[in-house]
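Numbers here simply count residues along the sequence, with the first being 1.
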Amino acid sequence: MFKFIVKRLGRYIVMLFVAVSMTFFLASWFMHPRSNYESRTPRPPQQSIETSLNNANLNDKTNIFVRYWRWLTGVITRWDWGQSPSGQRINSIMAPRILASVELVTLATVLSIIIGIAIGVYTAMRQYKWQDTVFTGLASVLMCIPVPVLALLLIFFFININTWAGHTLFYVTGLSSYTGNNPFEWFIDFCQHIFIPTLVLTIVGSVGYHVSQRTYLLDEIRADYVRTARMKGLTRKQAIRKHALRASFIPTAMGIAYSIAGVFTGATLTETMFGIEGMGKYFINALNNNDIYGSVAYMAFAGVTTLAGALLADIVAALLDPRIQMS
């Protein structure tokens with residue numbers, strides 16, 4: 001196992017280095033930070049523009065390989081991911097946004113996994129019964145609704161609840177508005193802010209886990225080894241619980257492992273809809289603002305979390321399936 005992990009990590013480091021380097025060159029090719037300064041009113045003096053670009057290592061008149069080497073040296077020696085066109089350090093910008101995305105996505109991910117898998121198993125064991133028809137039909141409807149539309153519907157619904165209650169029970173923007181020092185009041189305020197976006201992400205995530213887990217379990221129920229187990233005297237529920245359920249959970253567990261990346265990289269649409277300054281919204285802003293180093297840092301962070309999920313998925317698959325050997 002240790003040898004396998006070390007070998008995989010070595011491959012992932014090489015892959016990540018190549019991907020991040022390519023992202024740097026592509027971002028430098030397509031983004032033009034100079035336009036951020038030239039579009040200001042009043043327009044700064046040309047010498048001031050050149051000085052600002054040089055200080056941020058964003059001057060397109062400097063050879064791109066020279067800029068790349070300066071940036072790479074800063075990352076390796078000082079863990080300095082560069083500056084935005086406005087002069088802010090990427091490190092200081094990303095840290096609070098990573099925390100915001102974790103606060104937003106973690107609970108929704110956990111709830112969607114638990115609810116989705118539970119419903120998937122429940123409906124698979126009752127195939128073609130009314131429970132399966134209702135839940136599967138509801139899942140089909142929800143899968144057809146775009147995330148922004150679902151978010152808007154829930155926002156209007158809870159705004160009406162606030163109006164009916166005559167008090168703001170649920171907030172629709174940000175993660176917190178409390179400025180005091182009382183931790184209990186801060187927690188209540190946080191729950192009021194996080195409830196609607198968490199509900200949106202939970203619904204979207206649980207539908208996916210429900211459909212996939214139901215499909216995987218139905219495939220295993222029809223397998224020969226389950227029929228053999230029943231011929232040996234096990235009831236249908238016993239055969240499913242002891243044999244089919246574990247096998248069907250392998251691809252679901254791998255999907256859960258890959259979802260780690262989403263916890264840290266955020267939910268772009270949801271964060272934008274609810275005005276949450278997380279990593280997803282930050283990436284969109286970086287693209288719109290010609291923020292080369294911000295875009296590269298986001299992609300590097302997303303790559304690390306994705307590869308961590310891939311490694312965890314391999315380990316989980318080996319632990320659940322004895323046929324897989326780590327070598």
Side-chain angles (χ1 to χ4, degrees), residues 16 20 23 27 31 79 81-86 88-113 145-155 158-159 170-179 186-209 255-309:
L16 187 64
V20 172
T23 303
M31 295 184 184
W79 197 247
W81 286 86
Q83 298 182 34
S84 67
S86 61
Q88 294 177 286
R89 290 287 174 184
I90 301 301
N91 296 37
S92 61
I93 298 175
M94 288 184 62
R97 285 164 174 76
I98 293 173
L99 179 61
S101 292
V102 171
E103 291 176 347
L104 170 65
V105 182
T106 301
L107 179 60
T109 301
V110 173
L111 290 176
S112 62
I113 291 171
I145 301 177
V147 175
V149 175
L150 178 62
L152 283 175
L153 291 175
L154 290 176
I155 287 172
F158 285 105
I159 286 177
F170 305 99
Y171 292 90
V172 296
T173 57
L175 285 177
S176 178
S177 58
Y178 179 69
T179 57
W186 173 87
F187 179 74
I188 296 298
D189 178 76
F190 174 75
C191 292
Q192 290 177 303
H193 283 80
I194 203 72
F195 181 81
I196 303 178
T198 298
L199 182 60
V200 172
L201 294 175
T202 300
I203 291 174
V204 174
S206 60
V207 168
Y209 284 114
I256 293 172
Y258 277 108
S259 69
I260 291 176
V263 172
F264 294 96
T265 55
T268 303
L269 292 175
T270 305
E271 289 175 3
T272 303
M273 292 287 296
F274 291 94
I276 298 172
E277 297 297 330
M279 286 296 290
K281 187 179 179 182
Y282 170 69
F283 180 56
I284 298 300
N285 292 338
L287 294 177
N288 292 333
N289 295 327
N290 295 306
D291 190 350
I292 295 175
Y293 298 127
S295 302
V296 175
Y298 175 87
M299 295 306 297
F301 183 71
V304 169
T305 54
T306 301
L307 293 178

> Taking Thr306 for the side chain and Gly303 for the main chain, is one N or O donor matched with an acceptor at less than 3.5 Å?
no
> Going by ring pair (Phe, Tyr, Trp, His ring centres under 6.0 Å), name the residues that satisfy it together with Phe170, two or more places apart in sequence or in a different chain.
Phe158, Phe195
> State, to 0.1 Å, how close Thr23 and Met299 come at their nearest heavy-atom pair, and which atoms those are.
CG2-CG, 3.8 Å
> Could you state the interatomic distance from OG1 (Thr268) to CE (Met279), rounded to the nearest 0.5 Å?
10.0 Å
> After noting the C-alpha distance and the side-chain angles of Leu104 and Leu201, does the key distance pass the side chain to side chain contact (heavy atoms under 4.5 Å, CB included) rule?
CA-CA 9 Å; Leu104 170 65; Leu201 294 175; 4.0 Å; yes
> Less than 4.5 Å apart, any side-chain heavy atom of Thr270 and any of Ile276?
no
> Apply side chain to side chain contact (heavy atoms under 4.5 Å, CB included) to the pair Asn289 and Met31, showing each step before the final yes or no.
CA-CA 9 Å; Asn289 295 327; Met31 295 184 184; over 6 Å; no
> As an exercise, state the distance from CD1 of Ile90 to CD1 of Ile93, rounded to the nearest 0.5 Å.
4.5 Å
> Checking Tyr282 now: which residues fulfil ring pair (Phe, Tyr, Trp, His ring centres under 6.0 Å) with it, not counting sequence neighbours?
none
> Which heavy atom of Trp81 sits nearest a heavy atom of Asn91, and at what distance?
N-OD1, 3.1 Å
> In chain order, what residues pass the side chain to side chain contact (heavy atoms under 4.5 Å, CB included) check against Leu153, with sequence neighbours excluded?
Val149
> For residues Gly255 and Tyr209, report the shortest heavy-atom separation together with the two atoms involved.
O-OH, 4.1 Å
> Evaluate Leu175 against Phe274 for side chain to side chain contact (heavy atoms under 4.5 Å, CB included), listing each step before the verdict.
CA-CA 9 Å; Leu175 285 177; Phe274 291 94; over 6 Å; no
> Passes side chain to side chain contact (heavy atoms under 4.5 Å, CB included), Ile203 versus Leu154? Steps please.
CA-CA 11 Å; Ile203 291 174; Leu154 290 176; 4.3 Å; yes
> Contact between Asn285 and Asp291 at the side-chain level, heavy atoms closer than 4.5 Å - yes or no?
no
> Distance check, rounded to the nearest 0.5 Å: Ile98 atom CD1 versus Tyr298 atom OH?
10.5 Å
> Do Thr202 side-chain atoms and Leu111 backbone N/O form a donor-acceptor pair below 3.5 Å?
no
> Calculate, to the nearest 0.5 Å, the distance between atoms CZ and OG belonging to Phe283 and Ser101 respectively.
13.0 Å
> Check Ala108 against Thr198 and note the closest heavy-atom contact, atom names and distance.
CB-O, 3.9 Å
> Please tell me if the side chains of Tyr178 and Ile188 come closer than 4.5 Å, counting only heavy atoms from C-beta onward.
no
> Would you name the heavy atoms of Tyr293 and Gln83 that are closest together and state the gap between them?
CD1-O, 3.2 Å
> Determine the minimum heavy-atom distance between Gly278 and Ala100, stating which atoms define it.
CA-CB, 4.2 Å
> Roughly how far, to the nearest 0.5 Å, is the CD1 atom of Ile194 from the CG atom of Asp189?
11.0 Å
> Return the orientation label for the Phe190 and Trp186 ring planes: parallel under 30°, perpendicular over 60°, tilted otherwise.
parallel
> Under the rule for salt bridge (Lys or Arg N to Asp or Glu O under 4.0 Å), what residues qualify as partners of Glu277, not counting sequence neighbours?
Arg97, Lys281
> What pairs with Pro148 under side chain to side chain contact (heavy atoms under 4.5 Å, CB included), at least two apart in sequence or on another chain?
Pro146, Leu269, Met273
> Is it true that a side-chain atom of Ser112 and a backbone atom of Thr109 form a donor plus acceptor pair closer than 3.5 Å?
yes
> Mind checking what makes side chain to side chain donor-acceptor pair (under 3.5 Å) contact with Ser84, not counting sequence neighbours?
Ser86
